[in-house]
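Take a look at the structure set out below.
To find a chain, count down the sequence lines: A is the first, B the second, and so on, and within it residues start at 1.
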Amino acid sequence: MKWLELVQVAGATLAAAVTVTVLYALGVRLTAIAGDARTTQPGWVRPLSYVCFALCGVAVLFGLYLIIPYFSK
Amino acid sequence: MVALVITLALFFDFTNGFHDTANAMATPIATGAIKPKTAVALAAVLNLVGAFLSTEVAKTVSGGIIREGSDGIQITPAIIFAGLMGAILWNMITWLKGLPSSSSHALFGGLIGAAIAGIGLHSVNFASVLQKVLLPAVFAPVIAAAVAYVCTRLAYALTSRHDPETGSKLTQKRGGFRTGQIFTSSLVALAHGTNDAQKTMGIITLVLISAGSQEPGSGPQFWVIAACALAIAIGTYSGGWRIIRTMGSGLTDVKPAQGFAAETSTAAAILASSHLGFALSTTHVASGSVIGSGMGRRGTTVRWGTAGKIVTGWLFTLPAAGIVGALTALLVSTGTVGFIIAAVAGTAAVIFMFFASRKSHVGHHNAVEVEEAGQAIRFAKKKAAAVSRTNNSKDGRK
């Protein structure tokens with residue numbers, strides 16, 4: 001039986017989707033905070049949101065890198 | 001004969017892309033994140049690229065399901081022809097009746113049915129079918145739904161903003177997810193290319209093996225990959241006009257954050273499964289994600305009746321296409337006359353389908369297969385809207 005492979009798929013799906021969603025959501029949240037007009041925010045908020053988006057992109061590219069057989073050979 | 005089967009397989013690939021453009025690109029178009037024309041072109045290109053990424057699923061289809069070559073069982077191009085006919089005819093029937101169905105499962109069903117009728121029970125590798133087709137078919141949508149649920153919860157929890165002093169809700173500012181959807185839906189299109197184009201590659205490879213022009217157990221050749229990639233890309237691109245026409249009739253009630261979570265889960269699930277050679281239905285996984293993310297949003301209840309109807313449709317596809325495939329195989333095995341009858345009937349069906357598709361009213365019920373899953377979720381606040389939507393789709397189906 002290939003239960004192990006099934007568990008692998010479940011695990012990989014969960015890990016990948018949660019990573020991407022959390023990073024992107026954090027980015028969205030930080031952008032929202034940085035955009036607040038009423039209160040002044042520390043200067044690192046907006047750069048940090050960019051870092052989140054960038055990490056999210058890196059996570060996606062890393063996932064694709066793992067999948068494409070061309071790179072793993 | 002071989003050329004005919006390859007043409008038929010490529011046509012099947014084309015229709016696959018044609019049907020599924022909407023699954024990937026409907027939500028970002030609906031939320032206005034991306035222009036329809038751009039979205040369709042993007043989906044086509046990504047399907048093309050995706051088809052080149054992996055060949056694991058193709059190997060499952062060509063080497064795993066039917067025992068070929070070395071065991072002394074000879075699968076002939078005629079059997080594969082019968083299987084493809086079964087799949088195409090069943091697809092046409094479900095499409096005309098507006099039943100939700102998976103073209104991938106129709107393909108497998110047709111092939112298995114044709115092999116059983118044409119060669120015998122022993123020709124099908126049931127262990128491999130169970131492991132690589134049936135189990136993923138059951139579990140992948142469940143996994144996708146669970147992951148989409150978690151992701152939707154997380155996305156909402158992380159971006160919910162309250163005033164620290166008064167505790168009242170601030171503007172949530174979740175607009176960023178709209179932009180994010182461009183990327184996630186692109187990933188879904190990419191994943192669709194990797195999984196669905198490979199099924200056709202597997203079929204063509206199987207034909208080449210059965211005709212003796214390729215070693216049993218080897219992967220698809222490069223020209224096969226290229227042809228399948230092109231067929232699905234062209235199919236995706238020509239399917240675009242359906243989406244553009246659909247925009248007027250209003251789409252799934254999906255918020256950007258929710259759509260983002262659902263699409264991320266869909267893409268992750270399909271890509272992970274493709275990597276391990278699981279041949280699953282993109283439509284099933286996307287539907288699972290839509291239901292899962294719907295449950296993750298607050299104030300929603302699942303219409304289990306509708307969800308049950310979708311699942312029944314899924315269960316029905318494999319055996320039904322199998323029966324059609326088996327009947328075609330029996331017809332073909334009677335000789336040249338039977339083969340010609342099957343070929344003429346198949347071609348007629350395809351041409352009829354093409355003209356019917358030009359005439360028919362394209363509403364969200366037949367352009368977006370996942371829409372069915374969207375209706376399985378009831379939004380408490382928008383009950384009236386949901387009900388009217390259900391009624392619309394019922395009217396459209398008459």
Side-chain angles (χ1 to χ4, degrees), chain A residues 1-42 45-46 48-73, chain B residues 52-56 127-128 130-132 135-136 139-140 142-144 146-148 150-161 170-177 179-180 183-184 187 190 194 257 260-278 280 285 289:
Chain A
M1 262 303 155
K2 306 248 175 156
W3 291 109
L4 190 69
E5 294 196 350
L6 217 55
V7 173
Q8 264 184 320
V9 168
T13 308
L14 186 68
V18 165
T19 312
V20 169
T21 313
V22 164
L23 282 173
Y24 200 88
L26 276 177
V28 168
R29 165 127 212 193
L30 289 169
T31 312
I33 295 173
D36 270 342
R38 291 187 306 145
T39 50
T40 45
Q41 300 295 334
V45 172
R46 191 171 283 278
L48 192 63
S49 77
Y50 292 145
V51 169
C52 280
F53 287 132
L55 278 178
C56 180
V58 169
V60 170
L61 291 179
F62 180 67
L64 289 178
Y65 166 79
L66 286 181
I67 286 172
I68 300 172
Y70 180 76
F71 294 119
S72 53
K73 272 168 196 162
Chain B
F52 284 100
L53 290 189
S54 162
T55 53
E56 289 303 317
S128 179
L130 186 70
Q131 284 167 11
K132 295 265 180 174
L135 279 182
F139 282 99
V142 175
I143 291 170
V147 171
V150 172
C151 286
T152 312
R153 273 293 161 88
L154 278 171
Y156 274 100
L158 282 170
T159 53
S160 96
R161 286 153 31 94
L170 286 171
T171 355
Q172 304 289 301
K173 288 189 185 162
R174 286 185 183 125
F177 282 113
T179 322
F183 298 104
T184 51
L187 278 176
L190 190 77
T194 50
F260 182 91
E263 280 164 6
T264 311
S265 319
T266 307
I270 297 174
L271 286 173
S273 319
S274 301
H275 188 52
L276 289 175
F278 290 160
L280 41 78
V285 176
S289 292

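Contacts between L158(B) and chain A at a heavy-atom distance below 4.5 Å involve backbone atoms as well as side-chain atoms.
The number of heavy atoms from other shown groups lying within 6.0 Å of CZ (F183(B)) does not exceed 12.
In this structure, V9(A) and F278(B) have side chains that are in contact, with non-hydrogen atoms separated by less than 4.5 Å.
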Evaluation steps, side-chain contact (heavy atoms from CB on, under 4.5 Å), between L64(A) and L190(B): CA-CA 10 Å; L64(A) 289 178; L190(B) 190 77; 3.6 Å; yes
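For A17(A) against T264(B), the heavy-atom pair with the smallest separation is CA-CG2, 3.7 Å.
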